[in-house]
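Worksheet for the structure shown next.
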Amino acid sequence: MRLRSFFAVLCVLCLMTTCGVADTTDIPTSLPVTLTNNQGDNTQKAAALTSHSITSLSSDTDQIIATYEVEVTLAELRSSTTVDETDNMSCARATLTITYNRQSTGSQTYVQMTNVSGSWTTLTSGVTLSSRTVTYGGTGMKPDGGLFSDSQTYNPSSNSFSYGTQFPYVLVTDAFYTGANTRVVVTYRTYTPWELRVSYSF
C-alpha cells in the first residue's frame, strides 16, 4: 500500500512537470531596481520575488503570477555616509505584479502578458510620492507569423494601479521582448528627490 501511494505521488509530480505546471525556470527571482537623483547619483538595488503562482489552464498552457517588492531606506534618500538605527528604516516600498500565460507548442514557447499591477507605499512620515509612471510593451512574432509591437504608458493618480494589456501571444526568441517598468519620485522632507525605477522583462 505504501509503495502504491509513493508511485501515485511520483506520477502526479511527473505529470505536473511535463505539462509545465512545475516549471519555474523563467520566473526571475529578482528584478533590477535603479534609484537616481538629478545630481547624477545612482544606486542599484533589487526587487525580490515575494510570491508566485502557476496555474494550469490547459494541457499546454500555464498562467503565471509573480509579485516583486523593494524598499528604500532613509539612508538612501538622505545619501547618508553614516548609518544609524534611523537610517536603516524603510521609508517607501514599491510592488510590481506581472501576470502572463505561457504556452508550449512542440519545441516553441509563446508568452502572453495579460496584466501589470502594483503599488507604491510610504512607510514613515515626511515621505512623499510623485510623478508616478507605468510603462509596458512588447515585440515579437505571433503564432500566425505576423509581427506584434506595442507600448503603453500611464500616469496613475493614486498609489496603486492595474492594467490589462490585451497583448497577443508572442514567440520566445532572442529578438523578442515583453516587459514593464514602474517609476515614482520619492522625496524625504527637503532632501533631494530620488526616482525609484523597477523593471521587468522576459
With sequence neighbours excluded, tell me which residues meet salt bridge (charged side-chain N to carboxylate O under 4.0 Å, His left out) with R93.
E69, E71
[X] versus [Y], closest heavy-atom pair with distance:
X	Y	result
G164	Y136	O-OH, 3.6 Å
S199	N181	OG-CB, 3.8 Å
T135	S151	CG2-OG, 4.0 Å
A92	V186	CB-CG1, 4.0 Å
S104	T109	OG-OG1, 4.0 Å
T187	P193	OG1-CB, 3.4 Å

Can you sort out the partners of [X] under side chain to side chain donor-acceptor pair (under 3.5 Å), two or more places apart, ordered by chain and number?
X	result
T192	Q39
Q152	D150
S30	none
T67	T97

Identify which one of D60, L57, D62, T61 satisfies the side-chain contact (heavy atoms from CB on, under 4.5 Å) criterion when paired with R102.
D62
Residues which pass side chain to side chain contact (heavy atoms under 4.5 Å, CB included) with S53, listed by chain and number, not counting sequence neighbours
I65
Between V185 and V72, is there shared hydrophobic-cluster membership here, with clusters defined by ILVMFWY side-chain heavy atoms closer than 4.5 Å?
no
Verify same cluster id: M141, F176 (apolar side-chain graph, 4.5 Å):
no
Side chain to side chain, [X] and [Y], heavy atoms closer than 4.5 Å:
X	Y	answer
T121	L123	yes
L35	L196	yes
Y110	P143	yes
T36	R197	no
I27	I54	yes
V111	Q103	no
H52	I64	no
V134	Y163	yes

Short side-chain to backbone donor-acceptor contact, W194 and L77, under 3.5 Å
yes
Check whether any side-chain N or O of T114 sits under 3.5 Å from a backbone N or O of T99 as a donor-acceptor pair, and report yes or no.
yes
How far does [atom1] of [X] sit from [atom2] of [Y], to the nearest 0.5 angstrom?
X	Y	atom1	atom2	answer
T165	Q112	OG1	CD	6.5 Å
L49	T29	CG	OG1	7.0 Å
Y177	T139	OH	OG1	10.5 Å
I98	S117	CD1	OG	7.5 Å
L74	Y191	CG	OH	9.0 Å
F161	T182	CZ	OG1	5.0 Å

Can you pull out every salt bridge (Lys or Arg N to Asp or Glu O under 4.0 Å) where at least one residue sits in [range]? Sequence neighbours excluded, please.
range	value
residues 155-168	none
residues 36-57	K45-E76
residues 134-147	none

Name all pairs fulfilling the side-chain hydrogen bond (donor to acceptor under 3.5 Å, both in side chains) condition that reach into residues 123-133, sequence neighbours left out, sorted by first residue then second.
R132-N159, T133-N155
Can you name the ring pair (Phe, Tyr, Trp, His ring centres under 6.0 Å) partners of F148, sequence neighbours left out?
F167
List the residues meeting ring pair (Phe, Tyr, Trp, His ring centres under 6.0 Å) with F202, not counting sequence neighbours, and say none if there are none.
Y100, Y200
